[in-house]
Protein chains: 2
Amino acid sequence: MSEPRWLDELEMAAWQGFLEASHRVARRLEQQLKDEAGLSHPQYEILVHLAAAPDGEIRMTELADRLVTSKSGLTYQVGQLERRGLVRRRACPTDVRGVFAVLTDSGRELQRRAAPGHVAAVREALIDVLDRDQLAVLAEGLGEVGRRLRRT
Amino acid sequence: MSEPRWLDELEMAAWQGFLEASHRVARRLEQQLKDEAGLSHPQYEILVHLAAAPDGEIRMTELADRLVTSKSGLTYQVGQLERRGLVRRRACPTDVRGVFAVLTDSGRELQRRAAPGHVAAVREALIDVLDRDQLAVLAEGLGEVGRRLRRT
DNA sequence: GGCATGTGGTTCAAATTCGAATTACTTGTC
DNA sequence: GACAAGTAATTCGAATTTGAACCACATGCC
């Protein structure tokens, strides 16, 4: 095994910046959503994805992939949201095994109410701290990072 | 309450890129460390911070702040590492309440053995996907994001 | 058709995480 | 010195997360 290529100063600063920012932003949003909407971030993300989907419904596996979570974790969270009447399940007509998570009216309503505060928090924590060029790097660079990891 | 400032296309792409990348990178590193070193990412980070600290020791609260985790979470993880002989606790001489987490020899040894694979994974997932300008944005922009959230 | 293999989703147990409460100091301040 | 307020760390219970095992069905191939 050859000598590993250690990170130089810039690379290390980039990695640490990314790591700390991701933790702190996650923490902040978690708290904001809990306080203002009574939702965890994973739960809010479920509602957002469903709200954006045609007919407000997505297959469980597809949803788990989008949220970058495990299937069992999604089963749990959809169960929580179902208990609160924000989401319901619908059997897939073409595949008996399949299940759609479907946004209910109150789910859509809650997502709408929660959105402004959430966007404001995202701006304050991340977006408004950066200029347009920096945002472009996140979009392109980190977009590519995400796409690559998706494939492997 | 005024109409919220929604995210425009670039801002949305930046936010989604950041969110997905942080989840996928975290997932990848978690798996790599578990496979190759038998450590969770939080555990590895504890060892790294201790290894870099004078005398290989840091106060619990200070360490929790650096890791962006809760104090109770740190208590748990240090307990796990202690069980495995990778870390030990030392009472603080000047403050009876205080506790240092101290890296043991085998802790240092394991961190050393784990480092090359970890760095390689960080490169493959994130660093080597980006060019120098993009790395500079992560370092500066996300560095600032982290510092701001630290203060609040 | 019949069978091997793959896929979708849930269940389960174990590990982890958090915050609130707790214990035991420390630090002013008078 | 004594007391109020703050701080360090742990404990505790509840919620969450994960992967492995599992069930039921779908698909491809002979």
Side-chain angles (χ1 to χ4, degrees), chain A residues 22-35 37-46 50 57-84 86-102, chain B residues 22-35 37-46 50 57-84 86-102:
Chain A
S22 64
H23 283 150
R24 292 202 191 273
V25 168
R27 220 153 229 280
R28 170 59 52 95
L29 293 181
E30 193 69 44
Q31 194 203 333
Q32 180 271 323
L33 282 167
K34 194 72 79 184
D35 291 349
L39 292 168
S40 67
H41 194 214
Q43 288 171 346
Y44 179 76
E45 285 294 315
I46 291 173
L50 291 178
E57 61 179 25
I58 307 179
R59 284 284 289 275
M60 292 295 281
T61 295
E62 164 69 10
L63 190 49
D65 287 343
R66 292 203 208 173
L67 298 178
V68 192
T69 190
S70 64
K71 290 195 297 179
S72 56
L74 181 64
T75 293
Y76 174 78
Q77 285 299 352
V78 166
Q80 295 298 304
L81 293 172
E82 200 170 27
R83 283 198 313 105
R84 294 171 56 180
L86 303 172
V87 163
R88 63 188 176 80
R89 287 172 211 251
R90 185 171 80 80
C92 174
T94 64
D95 185 337
V96 185
R97 300 165 305 170
V99 172
F100 284 96
V102 190
Chain B
S22 64
H23 283 152
R24 291 204 192 272
V25 168
R27 223 154 225 282
R28 170 58 53 94
L29 292 182
E30 193 69 45
Q31 194 204 331
Q32 180 270 323
L33 282 167
K34 195 71 79 186
D35 290 349
L39 292 168
S40 67
H41 194 214
Q43 289 172 345
Y44 179 76
E45 286 294 315
I46 291 173
L50 291 178
E57 61 179 24
I58 306 180
R59 285 284 288 275
M60 292 295 281
T61 295
E62 164 69 11
L63 190 49
D65 287 343
R66 292 203 207 173
L67 297 177
V68 191
T69 189
S70 64
K71 289 196 296 179
S72 56
L74 181 63
T75 293
Y76 174 78
Q77 285 298 353
V78 166
Q80 295 298 305
L81 294 172
E82 200 170 26
R83 282 198 314 105
R84 293 171 57 180
L86 303 171
V87 163
R88 62 187 178 80
R89 286 173 214 249
R90 185 170 80 79
C92 174
T94 64
D95 185 337
V96 184
R97 300 165 305 173
V99 172
F100 284 97
V102 190

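Each chain gets a letter, A, B and so on, in the order its sequence line appears, and its residues count up from 1.
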Taking protein heavy atoms under 4.0 Å as touching, what does nucleotides 15-23 of chain D look like 5' to 3' if B marks base contact, S marks sugar-phosphate-only contact and - marks none? SSBBB----
Matching residue for A/Glu57 among A/Arg90, A/Arg89, A/Arg88 - test: salt bridge (charged side-chain N to carboxylate O under 4.0 Å, His left out): A/Arg90
From CA spacing to verdict: side chain to side chain contact (heavy atoms under 4.5 Å, CB included), B/Ile46, B/Leu86: CA-CA 10 Å; B/Ile46 291 173; B/Leu86 303 171; over 6 Å; no
Atom-pair distance (CZ on B/Arg89; P on D/dA8), nearest Å: 16 Å
Between C/dG19 (C1') and A/Glu30 (CD): distance, integer Å: 13 Å
What I want to check is whether an N or O donor and acceptor connect the side chain of B/Arg97 with the base of C/dT26 at under 3.5 Å. no
Exactly one of A/Leu67, A/Leu50, A/Leu33 clears side-chain contact (heavy atoms from CB on, under 4.5 Å) with A/Glu45, and that residue is A/Leu67
What is the distance, to the nearest angstrom, from the CG atom on B/Leu63 to the C1' atom on D/dT10? 15 Å
With the side chain defined as heavy atoms from C-beta on, A/Thr61 is closest, among D/dA8, D/dT11, C/dG9, to C/dG9
Main-chain N/O of A/Gln43 paired with A/Gln77 side-chain donor or acceptor, under 3.5 Å: no
D/dT7 P sits how many Å from B/Arg59 CZ, rounded? 13 Å
Whole angstroms only, please: what is the CG-C1' distance between A/Asp95 and C/dT7? 8 Å
To check you understand the geometry: which heavy-atom pair defines the closest contact between A/Pro93 and A/Phe100, and what is its length? CD-CE1, 4.1 Å
Below 4.5 Å, heavy atoms only, C-beta onward: do A/Arg28 and A/Arg24 meet side chain to side chain? no
Rounded to whole Å, the CD-C1' distance (B/Glu62 to D/dA8) equals 13 Å
Between C/dT16 (P) and B/Leu67 (CG): distance, integer Å: 15 Å
Would you mind reading off the distance between A/Asp35 atom CG and C/dG19 atom P, rounded to a whole angstrom? 10 Å
